[in-house]
Amino acid sequence: MNPRVRMAPSPTGFLHIGGVRTFLFNWLFARQHGGECLLRIENTDTSREVAESVEQIQASLRWLGIDWDGPITFQLDAMERCKVVAERLVEEGKAYVDDGAIRFRMPDEGVTAWDDGVRGRIEFPNEQLEDLVLVRSDGRSTYNFASPFEDAEDEITHVIRGDDHISNTPKQIQILQALDAPLPVYAHAPNLLGDDGKKLSKRHGALSIEELRAAGYVAPALLNFLALLGWSYDDKTTIMSRDELIERFSLERVGSSPATLDYQKLDWMNGVYLRAMSPEDYGDALVTYLREQDSEWDAERVRQAAPLVQEKIERLGQFPEFAGFFFERPPIPGLDQQERSIVAAAKRALEALESWDAPAVDVRLRAMADADGLKPRDAFQPIRVAVTGSKVSPGLFESIELLGRDETLARLEAAAGAV
RNA sequence: GCCCCCAUCGACUAGCGGCCCAGGUCACGGCCCUUUCAAGGCCGUAGCGCGGGUUCGAAUCCCGCUGGGGGCACCA
């Protein structure tokens, strides 16, 4: 039997990094086993629904490359069927009407237990379970009823979710048993924590996928990073492609303890993915990213600048600050007397240059430094500042080549003459 | 308060009784390379929460404690 799982976001806002991690586990599991991965919007709480969020959720998943099978379903659409079943439970004596709502009768003795897919056996004393509302007095079903109901209806075989759902599980098991429905395997992955040790949530430090994308992270890096939060392949493998993740993922190797996000590691990993791209793909990624950010910089020029920055930045979002001088002339820097004379000398040296390319610039500038008895690092730094507007930049000679003769000389002259 | 879950370097983790005076990755420190910043190479600092057991032997099993997290809605 092929497994069938579901991703079940509530449409209360953007998809955030914690939610996606859980979805990723579902998706990897389904794809590995040739099963199905459904997308169900759990919108039974109409008061908290945020317009546009369903679109956003889909867009985020698509960008990440996480797909789903069949049409998206909405939990509220099962409302009528839930109500019919709830009424049947009332007739069978398993539920009762309470102030217009229908309430499920929980057993008050014994234990409800299951073998969790990641944690092993978990037991709850039934006396802890309170009779829960199945259908609100206004007719809408509640989450804890609709969710297991739909799991049964959709023949979900594995419920992979965050461990904040552990305490809902015995309730849902009781409902499923009352319905004579088979139980899925429940597997609770550890939640993600914020820096403060609290659970990550939309309103608690969790970045949305949209924000991460805007910061210049790329999807494969994000997937790789997220997969490693609570799961590991072995004792040394870190970088894994999407296909490798699908091949290697297993519930058995999902851990139990909550994880804290380390954005420094995410940055590093994103850099690994960025550097691994072909120059062409990297240029395309930059162009696409800048377009999304409403940049109007010339695409061709971005592609030309791309190889100069590929090894140097770890998020696409760093491009404007790092390479913006290719597109906009930076303010004239304030240099001291000695620095200005170096810049002036550089201008004279380059003016006479016949072929304007990086190797030639390199040779000429080194000769100039040598003639003036300067160490390369001392000579080049003022030139760098004059040309790029910053002490930190792509390679100086390559930058000068790309900037072109006229623009370079103009900047050198301006910096040399500035008081 | 009650119930449940969790507990290895600062972070993510490997470890499922001897292979571990604990391995990998990020971060951090040092060195090398070097036109800046990166990248890369080499080296290093740093951890099994505490207390009892069980065992010839425990990071690994059991109990307690402590600490952290989650849940206890006509929220999801």
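Remember, it's a predicted structure, so these values are computed and weren't measured experimentally. Values below: all heavy atoms of this structure, side chains included; hydrogens, waters and symmetry mates excluded. A note on names: the letters A, B, ... follow the listed sequences, proteins ahead of strands, and every chain is numbered from 1.
Comparing the same atom, C1', in B/C9 and in B/A59 gives a spacing of 13 Å after rounding to whole Å. Of the P atoms belonging to B/G40 and B/G23, the separation is 23 Å, rounded to the nearest Å. With C1' as the reference atom, B/C62 and B/G70 are 25 Å apart, rounded to whole Å. Distance noted for atom C1' between B/C6 and B/C43: 36 Å (whole Å). Atom P of B/G69 sits at a distance of 24 Å from the matching atom of B/U60, rounded to the whole Å. On the C1' atoms, B/A27 is 33 Å away from B/C65, given to the nearest whole Å. Comparing the C1' positions of B/C61 and B/C48 gives an interatomic distance of 15 Å, to the nearest angstrom. Nucleotides B/C3 and B/U13 are separated by 30 Å at their C1' atoms, to the nearest Å.
Between A/His188 and A/Tyr186, the two ring planes are parallel [angle under 30°; tilted spans 30° to 60°].
The partner of B/C42 is B/G30, judged by Watson-Crick or G-U wobble contacts that both fall below 3.5 Å. Within the shown strands, nothing qualifies as a pairing partner of B/C48 under the Watson-Crick or G-U definition with both distances less than 3.5 Å. Pair assignment for B/C72 gives B/G1, based on Watson-Crick or G-U wobble hydrogen-bonding distances that are each under 3.5 Å. Using the Watson-Crick or G-U wobble rule with both distances under 3.5 Å, B/A7 pairs with B/U66.
The residue A/Arg161 sits apart from the nucleic acid: no heavy atom pair falls under 4.0 Å.
Checking A/Glu36 against A/Trp68 by side-chain atom types alone, no donor-acceptor pair falls below 3.5 Å. Between the side chains of A/Trp268 and A/Asn270, no donor N or O sits under 3.5 Å from an acceptor N or O. Between the side chains of A/Thr169 and A/Arg161, at least one donor N or O lies within less than 3.5 Å of an accepting N or O. There is no side-chain donor-acceptor pair under 3.5 Å between A/Tyr143 and A/Asn168.
A cation-pi contact, defined as under 6.0 Å to the ring centre and within 45° of the axis, is absent between A/Arg329 and A/Phe325.
Ion pair A/Asp154/A/Arg6 not flagged as a salt bridge, since none of the NZ, NE, NH1 or NH2 atoms sits closer than 4.0 Å to an Asp/Glu carboxylate oxygen.
Here A/Ser256 does not reach the OP1 or OP2 of B/C5: none of its side-chain N or O atoms lies under 4.0 Å away. Of the side-chain N and O atoms in A/Arg121, none sit less than 4.0 angstrom from OP1 or OP2 of B/C4.
With sequence neighbours left out, A/Trp27 forms a ring pair (Phe, Tyr, Trp, His ring centres under 6.0 Å) with no residue at all.
Across the protein-nucleic acid pair, A/Ile17 atom CD1 and B/C12 atom P stand 14 Å apart, rounded to whole Å.
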Task: Base-contact (B) and sugar-phosphate-only (S) positions in nucleotides 34-43 of chain B, heavy-atom cut-off under 4.0 Å, - elsewhere - done: -BBBBSS---
Task: Summary of protein contacts for nucleotides 59-76 of chain B, nucleotide by nucleotide, where a base hit scores B, a sugar-phosphate-only hit scores S (4.0 Å, heavy atoms) - done: ----------SSSS-BBB
Task: ring pair (Phe, Tyr, Trp, His ring centres under 6.0 Å) between A/Phe249 and A/Trp231, worked out - done: CA-CA 8 Å; A/Phe249 181 79; A/Trp231 173 80; 5.6 Å; yes
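Taking the nucleotide of RNA chain B with the nearest heavy atom to each of A/Leu266 and A/Arg119, the more 5' of the two is matched to A/Arg119.
Side chain of A/Thr237 to main chain of A/Tyr233: no donor-acceptor pair is present (N/O by atom type, distance under 3.5 Å, no hydrogens or angles).
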